[in-house]
Amino acid sequence: MRKIIIILSLSVFLVAGYFLVQSQNAPYFNNQDDFLQFKGAMSSQERFDLSTEILQNASDVAISLEAVKDLVRLGQALKKDDDALKQIEKLLKKTEKDSPLERNALLAKARLLRRLGQKEEGDAIYRQACEEKWDNSFTDYRDSLSETGEDDKRAANIHNGWFAYRNEKDLFYFADALKRYKTKNSSHSVAEKVLPQLADSPGHPQILQLAQALCLTIDAHYGEALTMFDAVENEFQKTIGLLSSTDEFYKENENLPLYRALCLFLEGRDFNAARQNISSYLDKSQSSPRWQAERIMNILWHLEKSKENMPRMLEVTSLVLESSLIKDEKIRVEIPMDLAAGLYDFHQLGLAWNGRFDEAEAWCLKGMEEFFPQTLAGANMAKCYGQALYMKKKYKESEELLKYVLSNYPKEEVVPSIKYCLAEALVAQNKLEEATPLLEDVILRFERSIEHSDMDCKEKSIRLLAHLQQVKKSGGDVRRYRFDELN
């Protein structure tokens, strides 16, 4: 708690100068952290312009890498992919061959080319990058496939890439890609669309059955999926060597209880059976604590994808946080901080979605103490605590904390949602001029997102911005509004 008081005290001194960076013109920074802090409060257009200037002038590789990411990220939102591509091509002409900067710039070029309809040229770059296993090449290509509406190909690439490049260890990310496809194409059968694109492997005879069972799970044919998971387990029992396989790229025999648990949680009918499967996995798994924690997080990521399933996250976290994975310090120390923080964050979200707000707030404080500002989940818990302050009508304290979080963890994954929460706190204090550009930027950044949390944040921003505009026209006091009436 002492740390939280210190944070709120420090934030008082930061607030006055926080948005001063928007009026400065300083494209030179001592290091990457300085650059991240500087750009945190800027609008998308200001960040795009700043990144362009950095690539023209900066010599620091880490800063240039961040600028490349911003051009790609913001080019789509601002409809400036052409301008971004021109800057990337200029950078490539003066970048050292085969350097990390050149490879990242080439990946950026490939992504921009695919967005602009030049898929063959972009795919050629990605093909070389994946074959040579450049850093982030697989993830970047798959993100590009999602951007261009090819999530079925994304799923197939994850599955087939397992054998071609041995860069996957199980099918959880395959299931995630199936879910993304289903979200965009709710009337389609992922089984009919994806299964024909999958390659078989003589060394892994059960893989296509598992893939089919996961397709059935995402298509909501839960009974058929559970029957197929049982059939796969029977095949494992018959196949010499698979149950005791030491191949780190073949964990599916161990993961079956988790796949069943995911199916049961999504079905929403038998939470006890789902929890029993997770307990069975934790009891029998021979994998490292890090691996176990990451697989549990995969289930939570799936549940987070819809409002209907978010309350069910508590069924998972309440079990795992009481298990030896977390309770035994000798085991816990092997779990990376970001994964441990993620479990805390999902737990507080599960509590909140079940109406247990006081408990959720306590876990936010606990998470801030342990994991902020080191982790994304720690920043998210700090944001949620800022929301709790807002709900208690402590608007000034909420504003100060959220600005402090934005200043100390200005990463892309959390910035837009923090800006929305900050705008709420500002609006409650009648600071319309400061809130308006924040809401406009959130709307811009989430324009094409299909994630329900992003869409929800965008829709709230649209409603609140429309309300502010009405208030401005009428000359009224925005503090008289009740936000619950806008939802």
Side-chain angles (χ1 to χ4, degrees), residues 1-22 40-41 43 348-349 351-352 355 357-365 367-369 372-373 378-410 414-443 453 456-487:
M1 186 66 187
R2 183 169 174 267
K3 180 179 178 181
I4 309 306
I5 294 171
I6 292 172
I7 287 174
L8 288 171
S9 299
L10 284 172
S11 64
V12 173
F13 297 99
L14 291 171
V15 169
Y18 183 75
F19 286 96
L20 181 61
V21 295
Q22 296 191 50
S43 70
Q348 67 88 11
L349 287 171
L351 287 165
F357 299 111
D358 289 343
E359 293 173 79
E361 185 178 331
W363 275 91
C364 285
L365 285 170
M368 289 172 67
E369 291 278 356
F372 179 76
N380 194 63
M381 284 184 275
K383 178 200 76 176
C384 290
Y385 187 67
Q387 288 179 294
L389 291 171
Y390 170 83
M391 296 301 293
K392 292 179 177 180
K393 299 186 178 181
K394 297 181 179 180
Y395 304 128
K396 185 63 177 177
E397 291 93 330
S398 176
E399 174 194 350
E400 291 168 354
L401 177 58
L402 291 168
K403 285 183 174 178
Y404 183 83
V405 176
L406 199 54
S407 175
N408 283 271
Y409 198 91
V414 75
V415 163
S417 61
I418 293 177
K419 284 187 173 182
Y420 170 74
C421 295
L422 176 56
E424 275 193 313
L426 291 168
V427 166
Q429 299 172 76
N430 211 36
K431 298 180 179 180
L432 276 62
E433 298 304 322
E434 201 172 339
T436 298
L438 295 176
L439 294 169
E440 290 173 341
D441 199 53
V442 173
I443 295 166
S453 57
D456 184 58
C457 188
K458 181 184 74 172
E459 289 167 5
K460 286 183 177 179
S461 297
I462 291 171
R463 290 197 295 271
L464 183 52
L465 183 61
H467 182 75
L468 296 190
Q469 290 167 344
Q470 290 177 352
V471 170
K472 287 181 182 179
K473 288 180 181 178
S474 65
D477 186 340
V478 77
R479 286 174 293 189
R480 296 176 60 188
Y481 90 104
R482 289 185 57 193
F483 190 72
D484 56 345
E485 295 176 355
L486 300 178
N487 288 279

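Because the structure is predicted, anything quoted here is derived from the model rather than measured.
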Under 3.5 Å, is there a donor-acceptor pair between the side chain of Glu424 and the main chain of Tyr420? no

Shortest non-hydrogen contact from Pro416 toward Cys457: O-SG, 4.5 Å

For Val415 and Lys419: C-alpha separation, side-chain torsions, deciding distance, then whether side-chain contact (heavy atoms from CB on, under 4.5 Å) applies. CA-CA 6 Å; Val415 163; Lys419 284 187 173 182; 3.7 Å; yes

Under 3.5 Å, is there a donor-acceptor pair between the side chain of Ser417 and the main chain of Val414? yes

For Tyr385 versus Met368, what's the shortest heavy-atom pair and its separation? CB-SD, 3.7 Å

Residue from Asp456, Asp441, Val442 passing side chain to side chain contact (heavy atoms under 4.5 Å, CB included) with Ser461: Val442

Calculate, to the nearest 0.5 Å, the distance between atoms NZ and CZ belonging to Lys383 and Phe372 respectively. 12.5 Å

Hey, does the side chain of Ser398 reach the backbone of Lys394 with a donor-acceptor pair shorter than 3.5 angstrom? no

Just checking, is any N or O donor in the side chain of Glu400 or Tyr404 under 3.5 Å from an acceptor N or O on the other one? no

Nearest-0.5 Å distance that lies between atom CD1 in Ile443 and atom NZ in Lys460: 14.0 Å

Measure the spacing between CG of Leu438 and SG of Cys421 and express it to the nearest 0.5 Å. 11.0 Å

What are the two closest heavy atoms between Leu401 and Ala382, and how far apart are they? CD2-O, 3.8 Å

Drop me the distance from Leu439's CG to Ile462's CD1, to the nearest 0.5 angstrom. 10.5 Å

Which of Leu422, Ile418, Asn408 passes side chain to side chain contact (heavy atoms under 4.5 Å, CB included) with Lys403? Answer is Leu422

side-chain hydrogen bond (donor to acceptor under 3.5 Å, both in side chains) involving Glu361 - partner list, sequence neighbours excluded: Lys392

As an exercise, state the distance from CG of Leu426 to CD of Glu434, rounded to the nearest 0.5 Å. 4.5 Å

Rounded to the nearest 0.5 Å, the CG atom of Leu349 sits from the OG atom of Ser453 at a distance of 9.5 Å

